[in-house]
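A short worksheet on the structure shown next.
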Amino acid sequence: MLTKSIAKKKNELTINLDAIIDNWLFLKSQLIKNCICAPVVKADAYGLGAKEVSQALYSFGCSVFHVASLEEGIRLRKDLAKNVRIIVMHDHFFENEEYFLNYNLTPVLNTHKDTSAWDKFQKIKNQKINAIIQIDTGMNRLGLSIKEFQLLIENNEDLIKNNILYIMSHLSCAYQVNNTKNRLQLQRFTKLIKALEIKSLKLKATLANSSGIFLGPEWHFDMVRPGAALYGINPIPEKKNVLKQVITLRTRILQIRDVNVNETIGYGGNFKFNKKGKVAIVALGYAEGLLRSLSKSGKAHINDIEIKVAGKISMDLATFDVSNVPEKILQKCDWIDIISDKQEIDDIAGQANTISYELLTSLGSRVKKEYISENFEKKL
Ligand SMILES: *Cc1c(COP(=O)(O)O)cnc(C)c1O
């Protein structure tokens, strides 16, 4: 049997739970009074481990979390205390009613089918199921249109008044501070809330994701839903990142080989050395989340020396050009830093021509995650 100790460690992905907690506390400190900072831990907390991340945040007083699917909600329910609210943003309430009830999950109702099922189910069970209603204000993804919502209220005012926790909408361009779409969505959302208030229907509201928080206090309302910023992704790419870095990824060199002039490297044979050089091969490929699009312009470091990907990234291997690294250093140091203080998650996502969201969610399914959590442990 292959046990953990047989294989020498080839890759190391660390996740700093203390940094996630600090990022959460920082985001909280930016909010208007009484606004709840309720993390998004969908997609296994963007690949970093929903259980570990949520438990760490819970130990610091966080008690509302967002996931995407019913399955994610059910899984997370087992890891968290009963009194924690778990909001399921992107799934069917319709035909899943019993699961939401049994696992005490809060549904986001996105369609007319969902809201009718919700109404009916509560009557059948004679039980209150708190929910959130999503309203589309211009993203044109999920949610009722403003008109549909107003119609719904005309027929179900009491139900909505008593059992709806928040009305929710989602911003499409929040990471672009100057995009006029932000203000347009805010205006539509605010106008709706005001119209309801005139009818003495005062509902709580939630609009902002990570980037939305930084658009300013007007966008905060009663709850915000940050994901990316907690994990160290810069919410406003045109400004300096104010969040702490959360992950590091490094890989140990498997082999170093000399490559002659005009030899090609890797699949396809279209990467050539025009002088004699040296490559290092590592056990990290696109199956580990080292995206294949990094083949062209991916970078890494040995000590402080920048090195480049050479040739195409394979499924579980990659090759780096280490011709510029002195022999003395190569002999001493066999770790290559992929994500580190020299190159942050947003830098490497840029090299891969994608966003950190995609990079993070691709990492960590095959590489074992190691957690750093001094503060969190002290709390337990
Ligand atoms: C994913 C998601 C979020 C979190 O967005 P970040 O940009 O990661 O902060 C918030 N709200 C909704 C509806 C989402 O789908």
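Worth knowing before you read on, the calculation uses all heavy atoms, side chains too, and leaves out hydrogens, waters and symmetry mates. All ligand and atom numbering here is 1-based and tracks the order in the structure. Note that this is a predicted model, so its numbers are computed, not measured. Numbers here are sequence positions counted from 1.
Remark: ligand 1 and Ser210 share an N or O pair separated by less than 3.5 Å (distance only, no angle test). At least one N/O-N/O distance between Tyr357 and ligand 1 falls below 3.5 Å. Residue Met168 places no N or O, backbone or side chain, under 3.5 Å from any N or O of ligand 1.
Under a 4.5 Å side-chain heavy-atom criterion applied to ILVMFWY residues, the cluster that includes Met139 comprises that residue alone.
Looking only at protein heavy atoms, the nearest one to atom 1 (C) of ligand 1 is Lys42 NZ, 1.4 Å. Counting protein heavy atoms only, atom 5 (O) of ligand 1 is closest to Asn209 CB, 3.4 Å. In this structure, the protein non-hydrogen atom closest to atom 11 (N) of ligand 1 is Arg225 NE, 3.0 Å.
Linking ILVMFWY residues whenever their side-chain heavy atoms come closer than 4.5 Å, directly or via other members, places Val84 and Phe60 in the same cluster.
In this structure, Pro226 is part of the shell of residues with a heavy atom less than 4.0 angstrom from ligand 1. Distances shorter than 4.0 angstrom occur between a heavy atom of His90 and an atom of ligand 1. Within the 4.0 Å heavy-atom cutoff, Tyr175 does not count among the residues contacting ligand 1. Not a single heavy atom of Met139 lies less than 4.0 angstrom from ligand 1.
Looking at His66 against ligand 1, nothing comes within 4.0 Å, counting heavy atoms.
No side-chain donor-acceptor contact under 3.5 Å links Gln30 to the backbone of Lys28. Remark: the backbone N or O of Ala131 is not paired with any side-chain donor or acceptor of Asn163 at under 3.5 angstrom.
Ion pairing between Lys308 and Asp321 fails under the 4.0 Å rule for side-chain N and carboxylate O. A salt bridge between Glu327 and Lys278 is present, with a side-chain N of the basic residue lying under 4.0 Å from a carboxylate O of the acidic one.
Using cut-offs of 30° and 60° on the angle between ring planes, the pair Phe121 and Phe93 is perpendicular.
Contacts of Asp79 classified as salt bridge (Lys or Arg N to Asp or Glu O under 4.0 Å), with partners at least two apart in sequence or in another chain: none.
Ligand 1 places these atoms under 4.0 Å from at least one heavy atom of Tyr46: 1 (C), 4 (C), 5 (O), 6 (P), 8 (O).
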